[in-house]
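Just below is one structure, and these are the notes that go with it.
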Amino acid sequence: MTRPTVTLARAWKFPQPEVFALPSGMEVWAFDLPGQHIAALEVVMPTSLTAEPRAIEGVATVALHSVDEGTRSNPDGRISELLELQGASLHGSASQNHTLLGADAPVHRLPEVLKLLAEVLHEPAFAATDIEHHVEMQVAAFDSRIASPGWVAKQAMRQVLFGAQSRLGRPAAGTPETLNAIGQEDVVSWHRAHWGGSDATLVLAGDLAGQDLNSTLAPLDYWLGNSATAETEPGLLRPSQVVVVDMPDAVQATIHAGCLTVGRSHPDWAALKLAGHAMCGAFASRLNLELRERKGYTYGVGGGFSARNQGGQFSVGGSFRVDVAAEALTRLLRGLELSEPFTTDEVADAKRFLVGIAPLTNETASDIVRQAAVLASVGESASFVNDHFAALEQPDATGASAAFRTHIHRDNISVAISGPASVLVPQMQAAGLDPVIVS
Amino acid sequence: MAENRRLDYELVETTLENGLRVCVQPDPQAPAVAVNIWYEVGSFDEDPDRTGFAHLFEHLMFQGSQNVASGEHMSVVEANGGSVNATTSTDRTNYFETVPRGALELALWLEGDRMSSLAITEENFAAQREVVKEEKRQRYDNQPYGDLLELLVAQHFPATHPYGHLPIGSMAHLDDATLDDVQQFFHDWYRPSNARLVLCGPVEPDEAFDMVATHLGGIPALERPEHRETAAPGLPPQKTVTHGSVPHPLVYLSWATPPAADTDHLALDIALSILADGNTSRLHKSVVRSRRAAQEVHAASLPHLRSTSITTFMARPSDGISTEATAAVVLEELARFGEEGPTSEELERAIAQYERDWLLQLATVEGRADLINDAWLTHGTPSHVNRHPLEVAALDVDTIRDVVARNLLSEPHTLHYLPTTEISS
């Protein structure tokens, strides 16, 4: 049986929302997606963690996690029970430059869900016992993270790229020292100062036919105040380093390599996305084929270019057998030198994947809302996705190779490793690297 | 959904002459077609002295066949804008790709080529054995509490029992395996009569059946392999205390509960949700908030097709409270629940949450195809997905109370996982 030919007819576009403002100033992006009976929404607040007082870092995370424990109207957990009765579930994240609070719920329950959500946003009770509980949960989560080699290597990389003096270089959810300093008043103050509807964006998607959005969203009209404009830190260019965090019991070396780069507004961005996919994004990427499929050193290598609020980041990593860690890292770094330029086939495959996978990664209302919320948080419009797909069609193999070589070179790549230092450091030194042990 | 619990997915089945069972769920609006094959082989079917084979195939099946180069299956699907992967459990191995409609025939051809002519060489077998070892290190050995599942399973089943080991298997067994062993395992289990293929997406059943017949119909028929008879029942309740380099003391209480297809299973799932899912749950309110015996309580189940499943509650004690004392409080609250049952509102909340999660899983063709195959293997018919919401809606508070009383009030297995510095109570 001969291999069937493939005919790809592509007409997929990222849906475009109706955009309007509520009386409070909040911007609404409403995506009408026929057939999506479970609606998704995200409230995007431009709240930067740089606004956290240094002594109580983690307060943004504690405020987010305890916000639905009770409201003044429905205290002691009742508000969460009422949301559950509507089939709604809440989720959220407090990351460096924005705070998200989201929900999934059946579309026809939206009017009731929005009333309850407005209550959560507007009048959380923040009972002292709840704050105490969530502080403890965050301390426990921290203790779990520092026992996890993957997180340890990633955090070491943040510290290398941004420095411990930068908020970006320190753990987003704080440390036990700063978390244990957080009291009820701190959380109440954080919420009062940094949760506001007037400069937030509400991204909403689902089968909205038949929804009177004016009336559904009316409960949010009274949620005022500014979330405080995101303060972004200047991207200080720090020297590249190789660091090792000693985890004596670890049975693998978890390695992250990367650097800060240009971001989504740079003319090379599309070429870099293609290059990153061919280098380490695809299963059949250069580095995964070599280090997993041919050498069997790892369960997998993954990475690529990702956009930050300002600029972007290249990262690649994996977990490797300890006795071949230096060999694996040497091969990885050599691969990044791109001595053989990307081939026409590699770049064509990357294009077909990155554009072709879009209908699958944007299949549900949650998918659309997640993507749109990221764009809203960085001040892009929803049309960015389609513009980006058009841009991805442009670069050829020469362009992708040139962009990669312009932005990635051996000198600017830093490496962070977690694992047994007593084995890894001599190995790395023998391979000509100069690792520094950090804690 | 609460107002209209009928699901009405069109499901059209056929069986090819070689025994391959096929089900098509046409969805003209979907953005792509999900191709989902479940081979009815998992770690249950392994010789307890030669474990890890079923999972090893999850890797080897991407190593090439007569007309497909090693790794090409993955790369060609990705290069056509598709997603592709595989998973292994105790009872089945699942291969799936979701591709644009224009690449459906290619996906079926890829599946047919590897079902009929998988090429396992010494070289790729050796490389994938190393990859599996790294997978085990990354997912188990290098994680805090990484041996937890293994310890839990060992409490319930002896190593000689088909459910007495994890799908990842023993690395020593894989080291001892020869190319002949591996080829024999493929021959025994990877045949049309032992597979179910679900297609979900913009394709008409007749056209889909023609394509499947073209690309998989020519594979020779072989008798459907028999699964072994389930051996002795599981082990009696036991207590295990283990120490490790872990951040917190944890206690796990677990029970042998009915197999996945048993009617108790769904009621137990809902009971677990009422008891331990989130901050509104019964045990969070009683054990965490009121009695301050734990900082968190969670529940989970490990369903088995051919023998008892495992249902487990995990609690992380509050500071200064032993795992023993925390366990006692959890058991008291379970006993209370087994007498009183849930309130009607607790049940209503749990059902509303369950229905939303269920609809979210069905919202993608990949998730839907997988649920259809799960229904087919577990309940004998793909159409169980349409019936399932009605079963959920029919649950009442008495059923939930009784299922807890029947399954979770006997003496549990207890597993105390303590930091190395912690003194066992």
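All values reported here derive from a predicted model rather than from experimental measurement. Just so it is clear: chains get the letters A, B, ... in the order the sequence lines come, proteins before strands, and each one is counted from 1.
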Please classify the contact of [X] with chain A as side chain, backbone, both or neither, using a heavy-atom distance under 4.5 Å.
X: Q29(B); value: neither
X: T214(B); value: both
X: E72(B); value: side chain
X: E345(B); value: both
X: E346(B); value: neither

If you tally heavy-atom pairs under 4.5 Å between each of P144(B), S245(B), S75(B), A127(B) and chain A, the highest tally belongs to P144(B)
Exercise. Counting N and O atoms only, with roles assigned by atom type, does the side chain of N142(B) sit under 3.5 Å from a partner on the main chain of V251(A), one being a donor and the other an acceptor?
Worked result: yes
*Any side-chain heavy-atom pair of Q295(B) and H133(A) under 4.5 Å*: yes
Pair count under 4.5 Å, heavy atoms only, with chain B: among E293(A), R3(A), K351(A), highest is R3(A)
Most contact-rich option vs chain B, by heavy-atom pairs under 4.5 angstrom, among M247(A), E136(A), Q86(A), is E136(A)
Per side chain to side chain contact (heavy atoms under 4.5 Å, CB included), N279(B) is matched among H65(A), H134(A), E81(A) by H134(A)
Hits for side-chain contact (heavy atoms from CB on, under 4.5 Å) against P176(A), two or more places apart or cross-chain, chain-then-number order -> V139(A), F142(A), D143(A), N180(A)
Worksheet item: Going by an N to O cut-off under 4.0 Å, is there a salt bridge joining D130(A) and R289(B)?
Response: yes
Residue set satisfying ring-ring contact (aromatic ring centres under 6.0 Å, His included) with H277(A), at least two apart, ordered chain then number -> F353(A)
